[in-house]
Amino acid sequence: MKGKTEILWALLVVAVLLGLWELCVHLLQLPPYVLPPPSRIFLAFARDFPLLLHHALVTLAEVGLGLGIGVFLGVGVAVLAFYVRPVGRALTPFLVGSQVIPVFAVAPLFVLWFGFGIWPKVAVAAMIVFFPVAVNFLDGLRSFGPELVEFFQALGTPEHRIFRMVRVPGALPFFFSGLRLGATLALVGATVGEWVGASRGLGYFMIQANARLRLDRVFAAILVLVLLGLGLFWVVGLGERLLLRRR
Amino acid sequence: MERGEWVSVVGPSGCGKTTLLRICAGLLKPHSGSVQVFGKPPRGQAAYMPQGDSLLPWRTALGNILAAREADGRLEPEAKKEALALLADFGLAEFAQSFPNELSGGMRQRVALLRTFFARRDLLLLDEPLGALDALTRAELQDWLLGVWQRFQKTVIFVTHDVEEAVILSNRVLVLTPRPARLAALFPVDLPRPRERSDPRVQGKREAILGALASSRVP
């Protein structure tokens with residue numbers, strides 16, 4: 001029940017803020033190409049819904065593919081770094097330092113390298129997902145003491161089974177905190193990639209609308225992005241609850 | 001060692017009791033010489049219970065106990081029934097579905113001990129399993145552990161720093177010297193079980209072992 005009241009409060013806050021926004025726009029008589037009122041944004045959202053959906057699906061596909069590739073590579077590199085010591089030692093500073101890599105600044109390069117299709121955006125999303133997943137999963141694999149593993153090692157359990165029974169479940173909470181971080185950022189990454197150069201996707205839609213001073217459409221696209229982000233967050237949370245249930 | 005025997009290892013802290021167990025478990029290689037368990041290299045021959053919390057926090061008590069069999073590959077269909085019966089026989093029936101963080105320290109050690117007994121191994125290596133418990137829980141668990149051991153009739157090597165505990169539980173008590181550890185003395189304890197702590201024969205053994213420990217300290 002606590003969750004429900006919290007949601008109600010959140011909705012109330014949003015409603016109040018939107019009301020103030022609407023009021024300000026009308027009182028200050030701001031033209032819609034400077035700041036459209038929420039009512040106009042919702043109207044644009046409803047009218048352009050099929051178009052928005054079309055572009056949203058493109059963005060979602062980019063993020064989905066990016067997530068898949070980023071998770072696959074991130075987990076792979078973490079496992080490699082965990083088992084092959086020299087690799088781990090060589091990669092750790094890069095993984096730790098990866099937080100400072102301006103992934104968004106690399107987006108134009110990716111467009112240059114991979115063309116205007118969905119692949120440069122997939123690459124940006126994958127890169128954004130890769131680092132937190134790799135760093136967190138590796139942290140997770142290293143997170144518990146040897147006691148948990150030694151019981152099984154002494155029994156002569158082969159390492160692949162120890163990996164499955166002990167190491168992966170032990171590292172999963174870390175993995176998910178990395179994935180949650182990556183999933184939402186990947187959406188931003190894909191959108192930025194679309195700003196730089198695309199012919200489809202929400203980022204493209206926003207650039208087009210912005211150029212025509214259709215700010216109601218820009219905001220409608222932002223609304224869709226927010227919804228997508230919430231959806232991604234929810235899906236990751238659902239996966240987490242399913243895999244880590246009753247913990 | 002004889003089959004079904006309980007041998008305790010006592011010695012000053014830091015003398016290498018844990019190292020000895022880890023070598024017997026096949027987790028460490030001795031610098032020189034070799035260890036054989038049932039005539040084979042040690043790895044995989046014994047069930048080793050490390051010091052400290054070694055239960056998997058994401059598994060229930062039952063799940064943790066079953067892990068001892070899953071470790072060998074496929075889980076037999078009757079294993080779950082067997083494990084539940086074991087939990088029930090040793091007073092843990094109501095905790096079968098509890099996770100380690102929901103259990104007290106004593107209960108966690110009981111589960112970890114049952115898990116070690118549940119593994120299909122004839123030799124158990126227990127590293128101070130009661131070391132972190134308060135005195136009352138500890139005495140209670142000593143009796144409990146004796147019950148489990150008598151049911152299974154497995155060979156046990158038991159590391160402890162509590163001499164009285166060693167006397168109460170063991171067939172033989174091995175006393176190690178300070179680093180580098182050597183065998184200082186070997187005390188057979190042929191008293192009928194269960195042994196009372198207040199029994200003068202128990203106290204006598206205790207004094208003798210403490211004496212051996214003290215004299216081993218003088219070079």
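Every value quoted in this text rests on a predicted model; they were computed, and no experiment measured them. Below, read A as the first sequence line, B as the second, and so on, with proteins coming before strands; counting in each chain starts at 1.
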Exercise for review: Check the surroundings of atom CG in A:L238: do more than 12 heavy atoms from other residues, nucleotides or ligands lie under 6.0 Å from it?
Suggested key: yes
Study note, to complete from the structure: Residues A:Q153 and B:L27: closest non-hydrogen pair is CB-CD2, 3.6 Å
Revision key, fill the gap. For A:F152 and B:L56, the nearest pair of non-hydrogen atoms, with its separation, is CZ-CD1, 4.1 Å
Point to revise | A:F151 and B:T116: CA distance, side-chain angles, deciding distance, side-chain contact (heavy atoms from CB on, under 4.5 Å) verdict | key: CA-CA 8 Å; A:F151 172 78; B:T116 315; 4.1 Å; yes
Study note, to complete from the structure: Between A:P158 and B:A71 the two heavy atoms that sit nearest each other are CD-O, 4.5 Å
**Study point:** Minimum heavy-atom distance A:G156-B:R43, with the two atoms named
**Key:** CA-CG, 4.5 Å
Point to revise | ring-ring contact (aromatic ring centres under 6.0 Å, His included) partners for A:F233, two or more places apart | key: none
Revision key, fill the gap. So, the part of B:L55 with a heavy atom under 4.5 Å from chain A: the answer is backbone
Study note, to complete from the structure: In terms of heavy-atom pairs under 4.5 Å with chain B, the winner among A:I162, A:L155, A:V149 is A:L155
Check your understanding: Atom CG in A:L243, atom CH2 in B:W58: separation rounded to 0.5 Å?
Key -> 13.0 Å
Check your understanding: By a 4.5 Å heavy-atom criterion (distance strictly below it), what part of B:Q45 contacts chain A: side chain, backbone, both, or neither?
Key -> backbone
**Study point:** Flag if over 12 foreign heavy atoms under 6.0 Å of OH, A:Y83
**Key:** yes
Exercise for review: Answer yes or no: are there more than 12 heavy-atom neighbours, outside A:R200 itself, under 6.0 Å from its atom CZ?
Suggested key: no
Point to revise | Part of B:D127 lying under 4.5 Å from any heavy atom of chain A | key: neither
Practice item. For each of B:A46, B:A119, B:G52, tally heavy-atom pairs with chain A at distances under 4.5 Å, and name the one with the top tally. Key: B:A46
**Study point:** Pick from B:Q51, B:R115, B:M49 with the largest number of heavy-atom pairs that fall under 4.5 Å of chain A
**Key:** B:R115
Study note, to complete from the structure: When the 4.5 angstrom heavy-atom criterion is applied to B:A67 and chain A, the contacting part is both
Practice item. Please state whether the side chain, the backbone, both or neither of B:R121 comes within less than 4.5 Å of a heavy atom of chain A. Key: side chain
Check your understanding: If you round to the nearest 0.5 Å, how far is CG of B:D72 from CZ of A:R161?
Key -> 7.0 Å
